[in-house]
Number of protein chains: 2
Amino acid sequence: MRQDFLNSLKSFYSKYRRLPSYSEMLKLFGFASKKAVFDVIQRLTEEGFLNKNNRKLSPTSSFFAIPLYGVVKAGYPILTEENKQYLTLDEYLIEDPVSSFLLKVSGDSLFDIGIFDGDIVIIERKKEAKPGDIVLAEIDNEWTLKILRRDRKRQVLYLEAANDKYPPFYPKRELKIYGVVKASVRKFERMN
Amino acid sequence: MRQDFLNSLKSFYSKYRRLPSYSEMLKLFGFASKKAVFDVIQRLTEEGFLNKNNRKLSPTSSFFAIPLYGVVKAGYPILTEENKQYLTLDEYLIEDPVSSFLLKVSGDSLFDIGIFDGDIVIIERKKEAKPGDIVLAEIDNEWTLKILRRDRKRQVLYLEAANDKYPPFYPKRELKIYGVVKASVRKFERMN
DNA sequence: TGACAATGTAAACGTTTGTTTACTACAATA
DNA sequence: TATTGTAGTAAACAAACGTTTACATTGTCA
């Protein structure tokens, strides 16, 4: 019952990217009085799916989110309702949406750290990076995705691939950091 | 300028999960008249970031989305405005939100296909899977994340780890498929 | 400098908003 | 059967909504 109301709200939201007004909910829920809508919304608010601040309705994170289960190493995944967390991937992966962008990875230079050709990485634009960070950098006029390292003897920064096939890249002229890789995602289309 | 307006809207949205009303935008934009707000919104609507249907404002997908750039293998990433796509990760990775859930990976049994301990996988709940799919399965009362294979000689399904350390798993009694892995994500917290 | 467009102000507008009140219908319980 | 709580209707409310109009200010460029 009340699950139905939440689901109609969800499908309205995924269609229009906003919550319906009470009048719109009248039709959506099949009520004749706004009071009935009011009561439903009250419940959903108390249950933590919606939020009200000075008469304005907004969805909470539970509204969007997808359950996240843990797994025990060998045995049963924890599939009970109690220890269920919720997560939206955008929020989880992208901490600063304004300064972030995505990049489709090409090549196998990060193979050993599990970033493959065709993966998408989330990059946060910033000039400063620490050794150990995976960076999008411009080295001698060529753009690349590598691990930033510090050569302690020579006291310089250089780039290292995560793949034995490639040698370290020491900048001849200059090394410009454009951003830092914060996350990576892969979609499994259809494999054989 | 107009980029500032869009960004204030974005940060309002990421805080409250809804668009501000015109009165709220007054303060947000620093205007004294709602007409000024009206004009800004008009522009953002024409530029495709917002949508209006009968006086109701809603964000479009470009509003949320993050630019996706391609890379040329060695050389320059394509960072021009023209060939910029937009993407929201939730929409990209989760095709069927209702039947999907997330699982935190534990163990190294999928190491060779770049799924590491601590990664999160998106699983779509379904009983049927094809050989080659990565599946969440119950084999002889134990839950696990493996690759589904078909033994052509013996005509049976079995599970295979993506890691030489582990042998194939032939079910003694039964093999139940609970879902199929559609995507995987990894967050790089801080590495050294 | 003068003309013109762009951009903002101020006020007023009819609608729509979410909320509240009073009342009704129905199901569950003892 | 009588009682009590739940869930809905109908109507009325002030407040807030998005829009419009008329006018002022500003910046641009010949």
Side-chain angles (χ1 to χ4, degrees), chain A residues 1-65 81 86 88 97-98, chain B residues 1-65 81-82 86 88 98:
Chain A
M1 288 293 100
R2 49 190 71 180
Q3 194 65 18
D4 289 345
F5 296 137
L6 185 56
N7 280 338
S8 350
L9 285 181
K10 282 183 183 173
S11 61
F12 186 100
Y13 200 100
S14 63
K15 197 170 173 188
Y16 297 105
R17 290 177 206 277
R18 63 171 178 85
L19 288 176
S21 70
Y22 281 28
S23 334
E24 288 171 319
M25 291 185 204
L26 274 186
K27 302 166 200 164
L28 202 63
F29 295 163
F31 284 139
S33 164
K34 285 207 276 182
K35 167 64 156 44
V37 172
F38 184 84
D39 290 347
V40 168
I41 295 304
Q42 196 87 332
R43 262 208 316 264
L44 290 175
T45 303
E46 285 162 7
E47 288 169 8
F49 295 107
L50 300 174
N51 224 327
K52 271 190 203 178
N53 58 336
N54 63 325
R55 303 183 155 222
K56 304 270 174 39
L57 210 59
S58 59
T60 64
S61 67
S62 334
F63 183 86
F64 302 101
E81 292 292 316
Y86 285 91
T88 81
V98 176
Chain B
M1 289 291 102
R2 49 189 69 180
Q3 195 65 18
D4 288 346
F5 296 138
L6 186 54
N7 280 338
S8 353
L9 286 181
K10 281 182 183 175
S11 61
F12 186 100
Y13 200 101
S14 63
K15 198 169 173 189
Y16 297 105
R17 292 176 205 276
R18 63 171 176 88
L19 288 176
S21 72
Y22 281 28
S23 334
E24 287 171 320
M25 292 185 204
L26 275 185
K27 302 166 200 165
L28 202 63
F29 296 163
F31 284 139
S33 165
K34 285 207 273 181
K35 166 66 156 45
V37 172
F38 183 84
D39 291 347
V40 167
I41 295 305
Q42 196 87 333
R43 263 209 314 266
L44 291 175
T45 304
E46 284 162 7
E47 288 168 9
F49 294 106
L50 300 174
N51 226 326
K52 271 189 202 180
N53 58 336
N54 62 328
R55 304 184 154 220
K56 303 270 173 42
L57 210 59
S58 61
T60 64
S61 68
S62 332
F63 181 87
F64 301 102
E81 292 292 315
E82 294 92 52
Y86 284 92
T88 81
V98 177

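In what follows, every heavy atom counts, from backbone to side chain, and hydrogens, waters and symmetry copies are set aside. Remember, it's a predicted structure, so these values are computed and weren't measured experimentally. Residue numbers start from 1 in every chain, and the chains themselves are labelled A, B, ... in the order their sequence lines are given, proteins ahead of strands.
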Taking the basic N atoms (NZ, or NE/NH1/NH2) and the acidic carboxylate oxygens, is any pair closer than 4.0 Å for A:Arg43 and A:Asp39?
no
I want to check something: taking the side chain as every heavy atom from C-beta on, are A:Val40 and A:Asp4 in contact at a cut-off of under 4.5 Å?
no
Please report the interatomic distance CZ(B:Arg17) to CZ(A:Phe64), rounded to the nearest 0.5 Å.
6.0 Å
For A:Leu26 and C:dT19, give me the distance from atom CG to atom P, rounded to whole Å.
14 Å
Run the side-chain contact (heavy atoms from CB on, under 4.5 Å) test on B:Glu24 and B:Leu19 for me, step by step, so that the C-alpha distance in whole Å, both residues' side-chain angles and the decisive distance to 0.1 Å come before the verdict.
CA-CA 9 Å; B:Glu24 287 171 320; B:Leu19 288 176; over 6 Å; no
A:Lys52 to A:Phe38, cation-pi by 6.0 Å centre distance and 45° axis angle
yes
Name the orientation class of the two ring planes belonging to B:Phe5 and B:Phe31 (parallel below 30°, tilted from 30 to 60°, perpendicular beyond 60°).
tilted
B:Asn54 CG to C:dT16 C1': how many Å, rounded?
10 Å
Anything under 3.5 Å between a protein N or O and an N or O of nucleotides 14-20 of chain D, put it in a table, one pair a line.
from	atom 1	to	atom 2	distance (Å)
D:dC17	OP1	A:Lys56	NZ	3.0
D:dC17	OP1	B:Ser21	OG	2.7
D:dC17	OP2	B:Ser23	OG	2.3
D:dG18	OP2	B:Tyr22	N	2.8
D:dG18	N7	B:Lys34	NZ	2.7
D:dG18	O6	B:Lys34	NZ	3.2
D:dT19	OP2	B:Tyr22	OH	2.8
D:dT19	OP2	B:Lys52	NZ	3.2

Please classify the nucleic acid contact of B:Ala32 as base, sugar-phosphate, or nothing, using heavy-atom distances under 4.0 Å.
sugar-phosphate
Atom CG of A:Asp39 and atom C1' of C:dT21 are separated, to the nearest Å, by 13 Å
